[in-house]
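Each remark here refers to the structure printed beneath this line.
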There are 2 protein chains.
Amino acid sequence: MSDLLERLRGRGWRMTAQRRVVAEVLDGDHMHLTADEVHARAVDKLPEISRATVYNTLGEMVSLGEVIEVSTDHRAKRYDPNAHRPHQHLVCARCGAIRDVHPAGNLLGDLPDTERFGFTISDVEVTYRGICPNCA
Amino acid sequence: MSDLLERLRGRGWRMTAQRRVVAEVLDGDHMHLTADEVHARAVDKLPEISRATVYNTLGEMVSLGEVIEVSTDHRAKRYDPNAHRPHQHLVCARCGAIRDVHPAGNLLGDLPDTERFGFTISDVEVTYRGICPNCA
DNA sequence: CGCTTGACTTAGACAGTGTCCATTGTAGGA
DNA sequence: TCCTACAATGGACACTGTCTAAGTCAAGCG
């Protein structure tokens, strides 16, 4: 049922009820939750789970590369379990809705050598902003 | 001396000592200060300026499109007075150094219609991440 | 199967960043 | 110069995230 959980188990993660619940919440149908939203949903399944545990667990998942941290608004980080298909984000400036998108071009290649200032570039993060159909 | 100040004056901004100081800080040592850093520098010039005023003033400058809000790390917002030449940012993953860069391609065009989900897209924000020469 | 141990969880205090509000001050026009 | 609307003040508050000390438990081992 939970791919995410499978992969984590395979990495020698000690499996606890708390971690299972966090993984389930992320893997469920809700995308791009904040840490506190994850915590709220986790509490529904496991009332005594603490905020710190959710933060720790999310942080570990990010370190393991199983989850991506996104900050599209300038507020709380959001967690995106879709870490295995590279993608970018499209955000509604009005309601904050977020969609995963897959740009065509070679984003890394768009930056000429003369604009790299000796940096070794490893990653490009793109956020498209606009107004979604509902808000238009 | 201060283009920024000129432009703001031209928009009918009520000119106060506080706003002048904030504009000078941004236009001076320029480059990607956080709000609290701006406040610290402003206090050097005008000791009684309050934190709230700096936050308000920066917010107004952003609304007027004279300054851009950047959040490259996932911590404090930074303020970029270089709002009139469209540009993106290159960030060192280790030391946090930030450089303005000017990518070649048509970033907006990179997103095919089929990936727009009915959004009216108005803006693209790109952050290149890597390691700077000093940290390498 | 029960022990042992070190990793995990907990609750709550704390820190950083940003916002709000009631009050006081003041820029700029009449 | 005086008025008034707009701006600044400062301190409380809210949100997000981190840390710590103490208790708990998963999982390997005998």
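Per chain, numbering begins at 1; letters A, B, ... match sequence-line order. What you see is a predicted model; the values in this text were computed from it and never measured. Below, each value reflects all heavy atoms present in this structure, side chains not excepted, and no hydrogens, waters or symmetry copies.
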Let me know the distance between [atom1] of [X] and [atom2] of [N], rounded to the nearest Å.
X     : N      : atom1 : atom2 : answer
B:L8  : D:dA7  : CG    : C1'   : 15 Å
B:N56 : D:dG11 : CG    : P     : 17 Å
B:D36 : C:dG18 : CG    : P     : 7 Å
B:H39 : D:dG10 : NE2   : C1'   : 10 Å
B:L33 : C:dG16 : CG    : C1'   : 17 Å
B:E69 : C:dT17 : CD    : P     : 14 Å
B:R11 : C:dG28 : CZ    : C1'   : 20 Å
A:E60 : C:dA7  : CD    : C1'   : 10 Å

Ignoring backbone atoms, test whether [X] places a side-chain nitrogen or oxygen under 4.0 Å from the OP1 or OP2 oxygen of [N].
X     : N      : answer
B:T16 : D:dA8  : yes
B:Q18 : C:dT26 : no
A:T53 : C:dT10 : yes
B:Y55 : C:dT19 : no

Distance col, row B:C132:SG vs B:R99:CZ, nearest 0.5 angstrom, shows 10.0 Å
Answer with yes or no whether [X] presents, from its side chain, a donor or acceptor under 3.5 Å of a partner atom in the base of [N].
X     : N      : value
A:R51 : D:dG17 : yes
A:R14 : C:dC8  : no
A:R75 : D:dC15 : no

Would you call [X]-[Y] a salt bridge at under 4.0 Å N-O?
X     : Y     : value
B:D36 : B:R51 : yes
A:R11 : A:E66 : yes
B:R19 : B:E60 : yes
B:R78 : B:E37 : yes

Considering only heavy side-chain atoms of A:R19, the closest of D:dA8, C:dT19, C:dC8 is C:dC8
Item to complete: From the options C:dT10, D:dT16, C:dG18, select the nucleotide whose nearest atom is closest to the side chain of A:A76.
Response: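 The listed nucleotide nearest to A:A76's side chain is D:dT16.
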Next item on the list: Nearest-nucleotide wise, let me know which of B:W13 and B:R78 is further upstream toward the 5' end of DNA chain C.
Entry: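 Between the two, 5'-proximity favours B:R78.
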As a check of understanding: the bend across the helix from C:dC1-D:dG30 to C:dA30-D:dT1, end axes from five pairs, rounded to 10 degrees, works out to 20°
Restricting to non-hydrogen atoms, name the atom on A:M61 and the atom on A:L8 that form the minimum distance, rounded to 0.1 Å.
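Minimum heavy-atom separation between A:M61 and A:L8: CE-CD1, 3.7 Å.
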Practice task
Could you tell me whether B:A52 contacts a base, only the sugar-phosphate backbone, or nothing, with contacts defined as non-hydrogen atoms closer than 4.0 Å?
Solution key: base
Side-chain donor-acceptor contact under 3.5 Å, B:R7 with B:H84: yes
Option among B:V101, B:T72, B:V91 that satisfies the side chain to side chain contact (heavy atoms under 4.5 Å, CB included) test with B:Y128
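Single side chain to side chain contact (heavy atoms under 4.5 Å, CB included) partner of B:Y128 among B:V101, B:T72, B:V91: B:V101.
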